[in-house]
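What follows is one structure encoded as structure tokens, with my remarks underneath.
Quick note: residue numbers are just sequence positions, from 1.
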Amino acid sequence: MNVALLILLVAAQLAVSAPPPVTPVAAEQVVEIVVYSDFQCPFCGAFAAPLREVQKHGVDGVKTSVRFKHYPLVIHPKALLAHQAAAAAAAQGKFWEMHDALFANRQNAQREDLIGYAKKIGLDMKRFLKDLDSDRVKALIRADQADGEKLRISGTPTFYVNGKEYVGTKSLAQLRPILVGEQRRARVLAEIAEGRLSLGPANAPIALEFFADLQSPVSRPAAAVLKEILGRYPEDVRVQFRNFPLAFHPQAALAHEAAMTAARDGKFWDFAFYVLEHQESLHEQDLIALAGKLGLDETAFAEALHQHRYAARVDADLQAGRARGIRGSPVILVNDKRIDGVPSLDTLITYIEEELAARRANQPVKP
């Protein structure tokens with residue numbers, strides 16, 4: 001299909017569903033760290049200092065929020081009581097002071113040692129001693145352990161940076177690129193939000209997720225089928241694009257980064273449809289020239305590509321797709337019903353009609 005015709009066909013849809021202008025994203029977005037730790041674990045002890053450093057001072061301008069999860073291991077018989085002491089201190093707003101004392105004196109975790117740390121950090125001792133063996137404190141620890149077991153944590157420290165899992169101790173130097181990279185990822189995810197990569201009403205009852213590789217020859221006919229669906233169901237269907245460039249297509253990753261750069265300026269669909277029609281011309285200079293044809297600033301566009309500014313946005317979709325069992329593209333999910341490869345128009349219509357019928361059946365009858 002001629003690209004000019006293709007863009008005309010979606011022009012009306014774009015007019016009602018184009019994303020709003022880019023809003024600045026704060027550079028100081030907070031990166032969340034959740035750590036499952038054991039006060040008797042030597043590796044947790046090694047990790048405690050760099051973790052506290054980034055909690056207190058950040059790193060390279062990255063601000064962090066740290067949540068501690070109690071995960072005493074059965075191989076450390078003294079750990080449970082130490083965690084009870086930390087939880088009892090938390091009840092008086094002194095968790096991190098007790099945390100530091102316990103890791104600084106990891107070999108000394110008898111009851112009298114814990115009482116000594118409590119006195120040193122200025123706790124109300126009557127309340128501390130009451131809380132130390134209380135059912136409430138033990139329940140808090142069991143709840144954290146249950147959370148960890150659901151995540152299949154088998155060793156400590158295990159920590160999550162904005163939900164991404166890491167296992168084992170890390171030095172400050174090792175934490176730095178993780179946190180800086182995660183802040184960059186969070187920033188571009190906010191800047192290139194899902195609305196910039198979707199067609200159709202935001203509140204449409206049927207969501208079609210389109211995992212695609214812009215260099216794949218089968219992505220083009222798959223996109224054509226989805227365009228046909230949008231024409232048939234303008235009020236009921238929303239198409240959400242998901243980046244899924246495949247490693248054996250050498251220009252795909254850069255093409256997807258370029259498409260995300262175009263999305264920043266509200267030109268994603270124009271850019272993506274053109275790329276699908278010109279898959280033989282996906283080198284950097286071709287992509288920059290296309291940006292110019294679409295009225296984008298070529299210099300700023302080229303700079304974003306050179307810096308791989310939106311690579312993290314592409315990678316986020318890849319990771320999310322792999323987590324859902326997707327290994328190739330195109331893949332289309334119709335409210336989680338899966339179609340691999342180029343979809344049949346009849347199959348898509350069947351799935352959509354089934355979803356709509358189910359929703360109508362669940363709606364209350366109007367008087």
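- Around the CZ atom of Arg152, the shell of radius 6.0 Å holds no more than 12 heavy atoms that belong to other residues, nucleotides or ligands.
- Expressed to the nearest 0.5 Å, how far CD of Gln84 lies from CZ of Phe39 amounts to 12.0 Å.
- Under the 3.5 Å distance criterion, the side-chain polar atoms of Gln215 are matched with a main-chain donor or acceptor of Ala252.
- Under the rule for a salt bridge (Lys or Arg N to Asp or Glu O under 4.0 Å), Arg142 has no partner lying at least two apart in sequence or in another chain.
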Test log, rule side-chain hydrogen bond (donor to acceptor under 3.5 Å, both in side chains), inputs Glu257 and Tyr310: CA-CA 6 Å; Glu257 289 181 38; Tyr310 298 108; over 6 Å; no

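- Atoms CZ and NZ, from Arg232 and Lys227 in turn, are 11.0 Å apart once rounded to the nearest 0.5 Å.
- Inspection of the Asp317 and Asn243 side chains reveals an N or O donor paired with an N or O acceptor under 3.5 Å.
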Arg324 vs Glu209, salt bridge (Lys or Arg N to Asp or Glu O under 4.0 Å): CA-CA, chis, key distance, verdict: CA-CA 12 Å; Arg324 296 166 76 176; Glu209 294 182 79; 2.9 Å; yes

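- Looking at Ser198, its side chain never comes within 3.5 Å of a backbone N or O of Val239 through a donor-acceptor pair.
- Pairing each heavy atom of Leu214 with each of Leu282, the nearest pair is O-CD1, 4.4 Å.
- For the atom pair NZ of Lys337 and CG of Leu208, the computed distance is 12.0 Å after rounding to the nearest 0.5 Å.
- Relative ring orientation between Phe103 and His99 is described as perpendicular, the plane-to-plane angle rising above 60° on a 0-90° scale split at 30° and 60°.
- Here Phe244 contributes atom CZ and Ser216 contributes atom OG; the two are 12.0 Å apart, rounded to the nearest 0.5 Å.
- A donor-acceptor pair shorter than 3.5 Å cannot be found between the side chains of His249 and Gln279.
- Judged by distance alone, the side chains of Asn162 and Glu32 never bring a donor and an acceptor atom under 3.5 Å apart.
- The structure places CG of Leu333 at 8.5 Å from CG of Asp340, a figure rounded to the nearest 0.5 Å.
- Within 6.0 Å of CG on Asp135 lie no more than 12 heavy atoms contributed by other residues, nucleotides or ligands.
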Trace of the side-chain hydrogen bond (donor to acceptor under 3.5 Å, both in side chains) decision for Arg176 with Gln174: CA-CA 6 Å; Arg176 177 174 284 108; Gln174 291 170 318; over 6 Å; no

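- Remark: the Gln145 side chain and the Glu149 side chain contain no N/O donor-acceptor pair separated by less than 3.5 Å.
- Heavy atoms of other residues, nucleotides or ligands lying less than 6.0 angstrom from CD of Glu235 number 12 at most.
- Grouping Ile, Leu, Val, Met, Phe, Trp and Tyr residues whose side-chain heavy atoms lie under 4.5 Å apart, directly or via other members, leaves Phe43 alone, with no other cluster members.
- Partners of Phe159 according to the ring-ring contact (aromatic ring centres under 6.0 Å, His included) rule, which considers only residues two or more places apart in sequence or in another chain, are Phe47, Tyr166.
- Atom CE of residue Met98 and atom CH2 of residue Trp96 lie 14.0 Å apart, to the nearest 0.5 angstrom.
- Side chains of Gln183 and Arg185: no donor on one and acceptor on the other come within 3.5 Å.
- With no hydrogens or angles considered, no side-chain donor-acceptor pair links Gln319 and Arg322 at under 3.5 Å.
- Considering only heavy atoms from C-beta on, Tyr36 comes within 4.5 Å of Leu151 through its side chain.
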